[in-house]
Every structure is written in structure tokens, then in C-alpha cells.
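Heads up, the thing below is written out as C-alpha cells.
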Amino acid sequence: MAPRYPTIQLNITVNDRVADLTIQPRETLAYVLRHRLGLTGTKVSCDAQICGACTVMVDGLPVSACTTLAVDALNKQVTTIEGLVTNGELHPLQEAFLEHSAFQCGFCTPGFIVSAAALLGQVARPSREAILEWLDGNICRCTGYESIVAAVLSVVDDDQSAEPIGQ
Amino acid sequence: MVKIERKFAEPGRNNVPVPEPVGYAVQRLDGLAKVTGTARYTDDLTVPGVCFAAVVRSDYPHARLISIDVSAAENHPGVISVLTTGQLTLASPLFGQFMQDRPILADQRVRFVGEPIAGVVAETPFAAAEGARLVKVDYEPLPFVIDPVQALDEDAPLVHESESAMWYRDDDQPYDRFHPNLCSTKVHGWGDVDAQMETADIVLEDWFRFPRAFPGGMEQYSAMARYEGGTLTVWTAAGHPLAVQADLTRCFGLPSSRVEVIVPYVGGSFGGKSLAKIEPLVAALAMATGRAVKLALSMEDAMLTSRSSGATLWLKTGFTSNGRIVAREANLWVDAGAYADTTPGVNRAAAVRMNGAYRFPALRVRSYAVYTHTVPAGSFRGFGAQEGVWASEQQLDEAAVVLGLDPLDIRTDNLADKGERLWPTARPLDSDLKADLRALAAEMESEPEPEARQSKGRGLAMSVSDAEVPNSVSVSIVRMHADGSLTVLSGSTELGQGSQTVLAQIAAGEMGIPMDQISVVQGHTGMVPFERSTGASRTTTFAGRALQNACQDLRTQLQACAAEALGVLRGAVNLEAGGVSVDGDFHDWGSVVRLWFGGPVGELVGSGYVRKVDDFSESPPFWEVGCVGVDVTVDQETGAYRVDRCVTLADVGLAINPRLMVGQDAGAATMGMGLGMYEEIRYGEDGVPITASPYDYRMPRTSDMPHIHSILVERQDGVGPYGAKGAGEGTLNPVAPAIANAIWRACGVRVREAPITPERLWQALKDRPQSRRQQLGSAKEAS
Amino acid sequence: MISAFEYHRPETLEEALQLLSQLGDEAVVYCGGTELIQIAKTGLTSFKHLIDLKAVEQLQGIDVNSGTIRVGAAVTHYEIERSALVRHQLESLASMAAKIGNIRVRCSGSLGGNLAFADPHSDPAVYLLATDATLVIVGATGERAVSVANFCKGAYETVLDHDELILEVRIPLQDNRTSIAHQRFTVTERPIANVACRATMGEGLVLDLGLAVGSVTDIPVRLVEIEESQVGRSREEVLGNIEQIADAASDALALRADSMGSIDYKRNLVSVLTRRAIRDLFEHE
């Protein structure tokens, strides 16, 4: 027997595509993205708005999809990691993360990239300090962060990239 | 800023040629999938008809289960089944690799807060969670013990009833005492410690504590299981798919070939994903319901599933007045938690690794792994090394202070030489440790020593671990396709460390073909060959050598096939990069395959093995070395402090991919800071963990980041490919004691309990003796 | 897992208030959800109705009139942090807001939501207490103004009736004789202790002082006796008294030990943060 719960119609725009869904109001944005729209690039880790793995943009601002109700995205533009690739072209941040090897296991990576993309949308040329402060709410257990900060900085200013690595 | 420095001491001395792209910072093979969000992890996968599980967990550290009322849950809309242990059909209700002692679901007794009692399977995750809340468990609380030292008191509450079956013996030395709460013991040492200690000019004796910690890979435990057509398939975030498979075959009485464990992308392990964790439960629920079942734990529940052991340590070391160690005696109490998991191995390693590569005329370490009513301890990066190194590297610094010696000198004076055996059966040291430590110190000294009057200090520490795993076997398969591309099959798991890329680099180098022609298949027990584990920093060394051997086998076959197909003697076929030449005509590998099969079809398969013979006959296979120096600034008013600068040195033989290597070291340094500064799973007096939540468990963040300088020492002196040896754990172990040593220099207090939280440091500052001399006086008195 | 509920999204204040009285205590209001969604997930709270206030126009906006800066209850911390008006008129409010939680918390969490949740570990609460802010509360029977000092009754407990909500926060605009300092100490994201201090100087003397301590007791506390003892004193005198002030501040409170720290440690933090806040205000012209 399928459970009966209150439902609601949700018209939601994700990565420029409109979806009309019948959902339960208690569904989080992360649940709707992952379970209903198949957008599994948004990861859930702490489920408590601490780690930032589930960061998506809602109208350009970063939010924790794990702690945001999907109904909050009503009539708003949601952008996920999948939405940063346009016409097959990687977002400059995605290129930079590759170039700087700014990830290992990759689980926090979508959250970092989306969070950094939101920063660049808010502040055109953020300083290193601004980047550190903005990303202080994203946890990476693998890299030790420097390669991530270097990747973001390289998008801001090509002359300020990290020191060359290896051979 | 991470700065990388590669040190080639005496390049070419070993005369091991390094074929491109080995040694180059090539981009990761999994990079594109990871930056675009298309890398699928276990919880991203689904199968038709999948249903969802939730777990009812114990609220008590120790209790008898009087009754479990599942009726309300069973009647809840959407709930398919609520299962307790009695309803599971199992060949064995217990699992575990070292010991089969952990119940899939609790039977009559619970032994830690968070122990699974029942599994609820439902059509939706919502219904499963609601069902779990409706299960009513009646407990009869029983006395419990949380502290491993107290757990060995005569009247301590017992964790297990049938004590003898619960004791894992991994050496045959006599033990001086037995207690039913003992999980395992290890005695390590030699010589007459008591007599040697008498000859010491000073003796330092102290207690130390290292915390229980959460490995904290960003992906929490998740698994999905399906039993169909007589085959059990389990998708899981596991580091050791073959160990999971072994547990599943035992629990369900199935042959290995009918248990498929599939590991997709994994979101970090750091030891946390070693061995089976939730897989037996998810598989049991799938088999009981006949449905595909998925379970993804929250971070809180993951923290109630596994953690590191931590340890309480008593350490006594005697020195001559010029700083030579004459004897050491140590006791370790390693907290196993409620079930063994890897603790017997961690316990053994802790006893050995704490002593690094210093010379001890006499040594006696007794390490007790003790059951407590806490979350079962499993592996954590460093595997027992952090706990002991925390104590040992601080005590060496204390001795240096008492004797007026330089912290560097007291270490180099006691370090064994390259080629020396630390004990008669140990592989000779494969590293020049004095040169390593001096290189680290030189880098630290490139900036002026911070001044104590500004509450700044510098500290260093090192660790040398026997990178030992019992039965350390690797098998590799390579498939040369008719188009000249190559598939590598390896049982090692890509956890984020970059093994996929490193294996591809080795294969590319061996076969002389470009990286983009190579794919590496891992994490599918139905397809990949045996691999002992992805742990003990062994993949590059073991899986890498097995892969080299497989490529060698493949090249030999290709040579023979070319000779046969071209009608020449084998000696006329010259092996070259990317193919063979015969009479000056070059034939790439693909054309050899096509020629031999007589058309654009077929493939040649090479295999390679590593077992305990030849280069690998001695234990340990290599010594994992890490040296760390830090500068800190302390805010003496609040006890807060920051690590301003961190230099790490890893002695890696050869960095197959230096960028991935320093990524590991920078990550290890940062994780070490977390353990030294913040991370701890603390228990309250009620036996409930206090800090087992993302709010209270503080991991390092960007604002903690120091300037990191990573030094790689590459003397090509390891048994791995081209002289490589394992790394990635070594630079974690010394971070916490290096911080403690730096704090001593900054403000004259010694904190022996990790993590050094601001409050602990503030408390120590408050209790600080009037002067350093006074503190040193008390240290001398102890002698 | 959040228990099932029905969702309501009023677009006017009247609609919101009507829903509140109609649904009674089966309803909760939602305005960012950074705390509410978390405790709902753990099962610590459940509700049949959720009234989402974010579409209510009257709860939005930041403006200034007659010496007061008005911040709508639904305005997010990030909006405060980035508001040119706030940066210009009350810089310390913007910099306080910029320290809350992390960027995602600031982008969803609202000022009104933070206050209504009454978490003892709140930076806005201690800041607004020191700055003599007032909350305008609105209910079926009309509006009432409550000073921040009288708003919290205990941990997670306020004077709000179940059919009331916060309409806006009014902070007296400070003239150029007044400066405000906010100090906090954290290990995790939430403050272990925080102190806010506001001083108005005239002819070299303290005309008015506000000193508030937060996070170490159930509700933030104004230290009125200390404030009064320093009024009329010169900058140098206050700095000369700094140790006594800091000690008095830490002695004035009935602290409680918890997972964030012992009583002794919290007492020390209050003392240190008080000293630092006073130095921030009095060491520079």
C-alpha cells in the first residue's frame, strides 16, 4: 500500500528546464533533485547545512539543498553542478578544478564548484581572503583546500595562479 | 599555498629507468566525471523496484532487549517488512574479518548506543524512517564501561559473555594478565628493559591520550543489495570489496562466485570504509524481503557505525645525558569498542609503530585492545600509528628540553641507519631517515624561528611505520584489444587517492601507449582479480608491481604471437615502446593482435602476481616515512591557536604522479591538524556519544589552512614499481605531536591529551607552573 | 526524516495572520528554515501545517526613517551583510551578520527567524540587545513593540504567542559619537560566547553604554550595573577599569557547562571578549 501524504504541485526550473511535479511539501530540494529529477550530482553528506556538499544555487545564491524545502524553489531558478556545463563546454571553474587537481574523491566537488560559481556571480573579482571566507562552509576531507582555493583564484586572475606543480 | 619540492638524492643510482608518463603530474582519469557531477556514487545508483531501509538503533550503551514491538511499524502505510534478528535466515548471524563477532542485528543484548536492533524496509525512504520511529523497544539497562583502562578493572561490566571466544591471538608471547574484556594483546620488544632502564641518566614517564575519531570521508556509508537468480549483488561504498564479499559468503552460506560486490565511485575512506560495515544488514534485508533494498546512513548514524580506536598510553623512556635512548617501556590501552572489526590489527600496529625507527637497546611494549560499550573501532588512516606517535614524539621533545638538546639532534642521534634491521626479522630500513629529517628541518629553518615572546613556536615530529598487511597478495589482469587499446583490471579500489590514474600511468609506461588508450576497471568482484585490500598504503607498491608483471606477461605473449604470425623466430622480434619491430618494420600492439587472430578481432590477456616471495619475501614490504614541521601562534587568553605553516616530507621512493602524491600529503597534513586540534568522539557519563554529529564534530576548514610545503624524497629505493613505495598515511601521523611540540615552544605547556582544543590548552596554561624550570624540575624528579 | 505536513504560502500579512489563528498550535511559521528544518529532520519537532512567510511583502525590506533602521523579519543575514544602506548607516550590523554560520546559512536564514527560534547561541540577539533594538510583533489583535531585552523568556522560548509573528526589527540609528563592537568566540559554527558593546561619547566622556553577553546563558543578558558604573567616565578611565569590568561581566552571570565548554572556560571567554570589545571601542578615536 502506498502511503498517503499531503501533496502539492511544484513548478520548478532547474538548469533552465521547467519541471511540473507533484511532491510532498516535506521533500527537500536535495530529495527532489536527486530522486525525482535524477540530478545526482548534488550530494548529501552531513545533511545539516554544515559541509556544503549539497550546495546549489537558487536565483544565484548558494543554499544547502539538504535543508531547503523544494517548495522554496517555487518560481525560482535552480542551478546544479549539471547546469554549469553549457553546450558541452565546461564552466571555467570546472576547467580550473581539473587543472589544479582540486579534488580527490570528488564527493565534495560539486558543492565547492557551485559555491564558487555563486561567489563569482556575487563578487566579480573576489580576493583570496574573500574566497577563503566564502568557502569556509564547504568541507573537503581529501585535499587540504589549497588546490581548491588556487583553482578558484586562477579563474579570477590568471596571473595569480598557484605555483606550478610537479614536472 | 602548497609548494612542492621533489628531492632526487643521487639520481640514477638505482639505475631504474622510468618510462613516460610515470613520474609526471598527468590529469586524473576520473577528473571529468568528478567536476561535472556525473561520477556516480553508491547512493546515486538505483535498480528497478528498489525499496528503502531504515535502522532502529539502541538508545543504551548496554542493555538486555526485553521486547521489540514492531506491530505499529508493520501496519504503517508503505512499510513492507520490519525485521529483527530472529526473522533472518543466516548461515552466520555474526560478521567480521579478524573475528566473526558483530551481529547483523542485535540478539537479546545491545552493546553500544547506535547498535542496529531492527531493519525497516518500505516503499519510500519516508515510510521507512516513519516505520523505524514506530518500533518500540523495551530495554533493561545494564552496567556499562566506556573507558578502556577502567574496562580492565576487576569488577568492570563485561562486554561479551563468552570471553574466551572473544579473544583474538595474533602472537604467541605470554601475557601477564587476562581479562574477559580483552579483545587482543600484543607484546613487542627485546632486551632487558629493567636492567637497561637502571643505566639511564634521566627517565621520563607520562600518560597520554589520543581520541576516538571519525574518519569522515564525505560520502557516508551506503549500500544497495539484490538477491536474484541465486546471486547476491551488493553495491556499496567500500574500500575492500573482497573483504565485504568474504563476510557476505560466510553470513549467507553462498560461494564467492555468487556474491558480487560492486563499488562505484567512493567518496573517501581514510580507513572508515575498510571491511564490511552495513553491507551484511542491507543484504539480509534484501534476502528476507525478496526486494532490492537500499540504505544510506546519515552522518550521525555513520558516526555510530565506525570510528578510530584512540588510545590511552603510559610511556616510560630512559635516556643517557647525551640523549641516547637506553630503554623504553610502554603500555597501550586501545579502545576496541563493542566488537573487534580491525582492532586486533590496529593494536598490533600501534605497539610497533609508536617506536618509529629509533634504536632501542631494550624495548617492552604491551598493547591491550579492550572491549568497551562504545561504537566498534575500525581502521583510520595511519592504522594505530597516530596513537603511539602522539606520545613518543612528545616524550622525545621533552627529553631534548630536559637535556638541553636540539629536537632534531635527539632524533637523528637515535635513528637507525638505512639498511639496519630494527628487529631481527624486520626488513632492513629502506630509507635514509636522518637525511629525510634534516631536509625537513632545513626547510623549516629557511624561515626564522618564531619567538616565544610572541606566543609563537616551532615543532617537528616524524613517524616510521611498518606498512604490513598479513597475506598481502595482489593479482592484475591486462587485456590488449585488437585496436591497440588496453583495459587494466585491478581489485584495488579508487577511493579518491588516485590509484586509477597511477595504475594507468604504469600501464602506459610499461606498454608504451598513450593514457587515453587505457581504461582501468576496479571495484567489481565479478570482474576484477584478487586484491588483498586497499589499505596500508599498499596499492601503488603491490597492485602496481602486479600490473608491471601482467604487462611483462602480455609483452612476452605479444612477442610470441608476433613471431608466430610473421613466421620468424622469437629472437627476431624486438620489443619496443608501443609494439614490436621485426626487420625494421614496426607493428603496434593492436596489429600484432589482429595478425595473430587473423582479423580485426580477439584480445590477448596478461596476468601478474605479487606474493610473499622475492622482493616481497621480507616484512614489512616497505617502511612508510613521514616528517612534519609546524609553526604555531597561540592566543594565550583563550587557548585558541593556529598553525601558520606546515612542512611535510614523505619518503616515497618515486612519485608516480607527484601532483596526486602531494595532494595526499596536503590532505594528510590537514587531517592531522583536525585530530591534533579539534576532532574527538566524546562520550557522556550516560554512555551516549556527545560529539557524534556534524554540529559538534569539528573538521578542518579553509579558515584553518596554513601555508603547506610538501617535500617528496625520491631515491627509488622501494620495492614498488620503479622504486616507488607507499605513502599517504605517513605524513598524517606526526602532525598532532608536531603541533604539541610547537605549542610547548610557544608557551611552555605540554598537553598530553589530544585533541588540543582551545579549552584544553587554556586549562593547561592556567595550571602552568610558575616557570619552565619548575616544570622541568618535576620531569627530572620523575626520573 | 521530516514528518508530513501541509504547506501554506500566504502572500499578505493578513493572510498569514489569519492562517496562524485558524490553524492554532498545529502550525509553525517558516522563514528560512535553517533551524526549523534541522530539528524537524531529527524528529524533535513535528507539525501539521507549515506557514511559509517568505512571500509576505511586509516582512521584507530594509529602510531608514526617523532615526531608526528597520529590517523586515524575513530579510536574510546575507541581505543585511550586502545591503549598501546597512553598510553605510550601521556598518557593525553588516559585519555581525557576515559572521553568522556559513554563506548558505546566511543566504537562507532570516533575522526574524533567528530571533524567534531563540537559540541561546545567537549573534543577532546579543548584538540587538546591546543596541537597544525593538521588535515589532504582530498578531490578530494588532501590533505591539517589545524590546529585544524582553523578547526571550528562555532557551528556545520567546514572548511570541502562537498566533503572532515578528514583523520587523527596529534598531536606533547611531550618530557619529556612537560606536559598536561585536566579539565572538567559536570552534564549531555556533558561538561559544559572544559580547556586544555600544558606547556613546560626548566631550570625552561616556554618555551611554550598552554591554550584552550571549551564548553562555539561556538568554543574552544586558549588564546594566556595569554599564551604569562606567557612564560619565573618560576613555582612559574605562580602559583603566577594563580588568574590573571584564571580571564583573564574567561574575555577573550564572553560567552552565555543556558540550561547548566548562563554566570556568566560559567565564574566561566572557572576560576576554568583554575586554576585547571595550578595547575595540575605547582604544581608538
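First the proteins, then the strands, lettered A, B, ... as listed; each starts at 1.
Here A:Gly137 is the residue among A:Ser115, A:Gly137, A:Ala118 with the most heavy-atom pairs under 4.5 Å with chain C. Of the residues considered (A:Asp136, A:Val58, A:Thr55), A:Thr55 shows the highest number of contacts with chain C, using heavy-atom pairs under 4.5 Å.
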Practice prompt. Determine, stepwise, if the pair C:Lys54 / A:Val71 fulfils side-chain contact (heavy atoms from CB on, under 4.5 Å).
Written response: CA-CA 11 Å; C:Lys54 286 193 292 294; A:Val71 291; over 6 Å; no
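With values rounded to the nearest 0.5 angstrom, A:Gln24 atom CD is found 9.0 Å from C:Phe5 atom CZ. Note: C:Asn102 CG to A:Gln49 CD = 6.5 Å, rounded to the nearest 0.5 Å. To the nearest 0.5 angstrom, A:Asp47 atom CG is 6.5 Å from C:Gln38 atom CD. Atoms CZ and CG, from C:Arg9 and A:Asn75 in turn, are 7.0 Å apart once rounded to the nearest 0.5 Å. Distance check, rounded to the nearest 0.5 Å: CH2 of A:Trp134 to CZ of C:Arg104 gives 10.5 Å.
Applying the 6.0 Å contact sphere to CD of C:Glu14 captures more than 12 heavy atoms from other residues, nucleotides or ligands. Around the CZ atom of C:Arg256, the shell of radius 6.0 Å holds no more than 12 heavy atoms that belong to other residues, nucleotides or ligands. Counting heavy-atom neighbours within 6.0 Å of C:Gln18 CD, excluding the residue itself, gives a total of 12 or less. Counting non-hydrogen atoms of neighbouring residues, nucleotides and ligands closer than 6.0 angstrom, the NZ atom of C:Lys99 exceeds 12 such neighbours.
Heavy atoms closer than 4.5 Å to chain C are found in both the backbone and the side chain of A:Gln122. Of the atoms belonging to A:Ile50, heavy atoms from both backbone and side chain fall under 4.5 Å from chain C. Of the two parts of C:Ser3, only the backbone, made up of N, CA, C and O, holds a non-hydrogen atom closer than 4.5 Å to a non-hydrogen atom of chain A. Heavy atoms closer than 4.5 Å to chain A are found nowhere in C:Leu36, neither backbone nor side chain. Proximity to chain C (any heavy atom under 4.5 Å) is shown, for A:Leu135, by neither the backbone nor the side chain.
Heavy-atom minimum distance, A:Pro62 versus C:Cys107: O-CB, 3.4 Å.
Annotation: side chain of C:Leu50 is in contact with side chain of A:Leu69 (closest heavy-atom distance under 4.5 Å). A:Thr67 places a side-chain heavy atom less than 4.5 Å from the side chain of C:Lys41. Between C:Ile103 and A:Glu133, every side-chain heavy-atom pair lies at or beyond the 4.5 Å cut-off.
Judged as a ring-ring contact (aromatic ring centres under 6.0 Å, His included), and not counting sequence neighbours, the contacts of C:His49 are C:His8.
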